[in-house]
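First up is the structure itself, then whatever we jot down about it.
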2 protein chains.
Amino acid sequence: MNAINSLPADQVGSTAQRERRRRILAATIELATQGGFDAVQMRAVSERADVALGTLYRYFPSKIHLLVSALGTEFSKTATSLEGRTIPGDTPAERVLNVLGRNTKAMQRDPQLTEALTRAFMFADASVSSEIHSVGMMLTGVLVQAMNGDDTVEPSEDQVAIAKVIGDVWLSLLVGWVTGRHSADDVSRSMSVAVHLLLR
Amino acid sequence: MNAINSLPADQVGSTAQRERRRRILAATIELATQGGFDAVQMRAVSERADVALGTLYRYFPSKIHLLVSALGTEFSKTATSLEGRTIPGDTPAERVLNVLGRNTKAMQRDPQLTEALTRAFMFADASVSSEIHSVGMMLTGVLVQAMNGDDTVEPSEDQVAIAKVIGDVWLSLLVGWVTGRHSADDVSRSMSVAVHLLLR
DNA sequence: CACCAAAGTGGAACGTGTTCCTATTATGGA
DNA sequence: TCCATAATAGGAACACGTTCCACTTTGGTG
């Protein structure tokens with residue numbers, strides 16, 4: 001299964017529109033990286049992206065849509081960088097932990113960004129379900145690829161089910177980390193426990 | 001392990017203060033049940049609880065604290081009702097699914113309330129960690145009790161670890177349901193998959 | 001009982017997400 | 001090329017979470 005690398009909106013519209021969209025998402029990432037969820041203020045995003053506030057809302061109907069879309073584009077970068085690659089590790093569990101560990105480390109490098117994107121993802125309501133769904137698919141796809149070692153094999157239903165459970169656990173732990181309930185070590189340790197339980 | 005049945009705040013303060021706190025939480029639950037997260041407006045809560053807005057903020061420093069505390073009191077009711085009881089089911093997996101299924105059904109009965117409480121729980125930041133922690137403990141406690149069949153046995157470390165993973169999966173699925181990504185059936189099915197994988 | 005500190009009241013005020021409106025600018029088809 | 005239409009700019013206005021302030025009530029203490 002290949003990851004869904006681009007949201008539909010990446011392809012549509014004129015060049016100027018794609019460029020505006022790109023600027024908006026870049027501004028979002030920058031602000032989130034610096035100051036987290038609270039720093040991503042719609043007026044600030046629109047100014048930094050050099051776009052009117054109304055235009056920003058035409059592209060992304062809410063702050064949550066904006067942040068979840070930003071998460072989607074970040075995620076698709078990860079997915080793309082893994083595409084066609086063989087993931088190191090001798091067992092499915094090792095490979096999955098390798099991928100998740102890499103991701104977790106990246107998120108620890110930009111804690112504010114992680115906080116912003118994670119909280120948006122978790123706060124999203126039903127109106128954001130399509131964006132959320134695409135993020136979920138990418139996550140599951142990456143995990144299935146890791147379980148198999150590469151992305152050439154068609155995954156079984158069971159594999160997909162297990163990948164979904166692992167993804168769920170990872171998201172919960174991420175929230176725990178963002179919330180300050182778990183340390184980074186807690187996350188790694190619990191993730192290891194869960195993955196070894198699920199992939200034995 | 002017995003559940004933590006009451007937050008500290010339940011015990012402190014004068015009778016009038018406990019009564020105010022009770023009214024506030026009751027008003028919160030009522031509004032959430034009717035209209036979900038958005039309907040729990042601080043002005044509305046304060047009016048319905050017959051308390052000044054400033055007083056409401058003295059008791060609960062933010063809307064998120066308020067809703068997470070409400071979740072805590074709801075949860076502690078569940079925990080209390082299970083206390084000392086023997087949970088039906090022949091295997092740990094069956095008993096855990098029994099408890100979770102009962103809870104899931106209750107949440108489906110009041111979808112708006114569930115949406116409000118779940119979103120608050122997930123949106124909470126580090127300033128709410130103590131409230132969140134107490135909810136997490138109750139959830140883990142209930143699950144451990146279910147795994148053992150009753151609450152008379154001291155749980156092992158492994159059991160606690162597994163219970164935490166199960167709790168994480170359940171929370172993620174709940175978010176998925178609230179967000180409209182998963183149907184109620186999806187939740188039951190995935191939960192069953194996860195629990196059978198983890199408790200085999 | 002008189003008094004003081006703490007708690008509560010009522011409401012104004014502020015910040016930020018969101019909506020709305022008008023004028024201006026791009027865009028694509030006849 | 002010119003026009004109709006849509007998209008954008010710029011900014012006012014509104015809603016709700018949150019803070020703050022001046023005043024009143026309450027509850028414990030000498």
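In what follows, every chain begins at residue 1, and chains take the letters A, B, ... in the order their sequences are listed.
Annotation: of the two residues near DNA chain D, Y59(A) and S62(B), the 5′-most nearest-nucleotide partner is Y59(A).
For the residue pair S130(B) and H133(B), no side-chain donor N or O sits within less than 3.5 Å of a side-chain acceptor on the partner.
Distance E47(A) CD to dT8(D) P: 18 Å, rounded to the nearest Å. Rounded to whole angstrom, the span from the CG atom of L53(B) across to the C1' atom of dT18(D) amounts to 8 Å. Protein atom CD of E19(B) is 16 Å distant from nucleotide atom P of dT26(D), rounded to whole Å.
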Discussion item. Test side-chain contact (heavy atoms from CB on, under 4.5 Å) on L97(A) and H196(A); report intermediate values, then the result.
Written reply: CA-CA 9 Å; L97(A) 286 173; H196(A) 282 116; 3.6 Å; yes

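Between F75(B) and W170(B), the angle of the ring planes lies from 30° to 60°, which puts this pair in the tilted group.
Residue R20(B) is in sugar-phosphate contact alone, with no base atom involved, counting any heavy-atom pair closer than 4.0 Å across all strands shown. Within the nucleic acid shown, R58(A) comes within 4.0 Å of at least one base atom, counting heavy atoms only. Residue contacts shown for V40(B) are limited to sugar-phosphate atoms, with no base heavy atom under 4.0 Å away.
For DNA chain C, the contact window with chain A, defined by any atom under 4.0 Å from a protein heavy atom, covers dT16(C) to dT19(C) in 5' to 3' order.
In this structure, F60(A) and T28(A) have side chains that are not in contact, with every pair of non-hydrogen atoms separated by 4.5 Å or more.
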